[in-house]
Amino acid sequence: MTSSDTLHRVEKACAQLHHDGQPVTFIAVANLTGLGRTTLYRSPSLRAVIEENRRRAATNGTLTGLLEEIRNLHTALEAVAARVRRHEEQLRRLTTRVS
């Protein structure tokens with residue numbers, strides 16, 4: 001499992017690389033974070049952060065990139081809405097039991 005501190009360090013390194021106009025690579029992230037490349041490759045959460053930042057950098061500002069971002073946001077919003085509906089249903093059931 002990846003600690004939140006390690007995850008934050010990787011996210012910060014990706015943001016720094018993007019800000020500096022540098023490509024987001026496993027080597028660059030490893031150099032900035034002090035983590036080994038093997039660690040970055042083997043950890044699913046760290047690898048996902050790096051790969052997502054690489055994808056974003058490649059499509060940043062393009063119409064295709066913006067459309068993909070909108071699709072991703074729409075999917076995320078649907079997932080949140082479904083979770084809210086489940087929680088509301090649970091609250092209704094609990095309220096009914098208590099009453």
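These values consider heavy atoms only, across backbone and side chains, with no hydrogens, waters or symmetry-generated copies.
- The minimum heavy-atom distance linking Cys14 with Val49 is given by the pair SG-CG1, 4.4 Å.
- One finds the CG atom of Leu40 at 4.0 Å from the CD1 atom of Ile50 (value rounded to the nearest 0.5 Å).
- Rounding to the nearest 0.5 angstrom, the gap separating the CG atom in Asn53 from the CG atom in Leu17 is 9.0 Å.
- Each of Ile27, Leu35, Thr33 was evaluated against Asn31; a single residue qualifies, Ile27, per the side-chain contact (heavy atoms from CB on, under 4.5 Å) test.
- Between Arg56 and Glu52 there is a salt bridge, with a side-chain nitrogen of the basic residue lying less than 4.0 Å from a carboxylate oxygen of the acidic one.
- Across all non-hydrogen atoms, the minimal contact from Arg85 to Glu78 is NH2-O, 4.5 Å.
- Closest non-hydrogen pair, Phe26 versus Arg37, comes out as O-CG, 4.0 Å.
- Classification of Glu89 and Arg93 as a salt-bridged pair holds, one side-chain N sitting under 4.0 Å from a carboxylate O.
- Ser43 contributes no side-chain N or O that, together with a main-chain N or O of Thr39, makes up a donor-acceptor pair within less than 3.5 Å.
- The CG atom of Leu32 sits 10.5 Å away from atom CZ of Arg9, with the distance rounded to the nearest 0.5 Å.
- Closest approach of Pro23 to Ala28, counting heavy atoms only: O-CB, 4.1 Å.
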> Going through the checks in order, is the side-chain contact (heavy atoms from CB on, under 4.5 Å) test met by Leu63 and Leu67?
Replying inline: CA-CA 6 Å; Leu63 184 56; Leu67 289 172; 4.2 Å; yes
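- For Arg54 against Val24, the heavy-atom pair with the smallest separation is CG-O, 2.9 Å.
- The environment of His87 atom NE2 is dense: over 12 non-hydrogen atoms of other residues, nucleotides or ligands sit within 6.0 angstrom.
- Between Arg92 and Thr96 the shortest heavy-atom distance is O-OG1, 2.7 Å.
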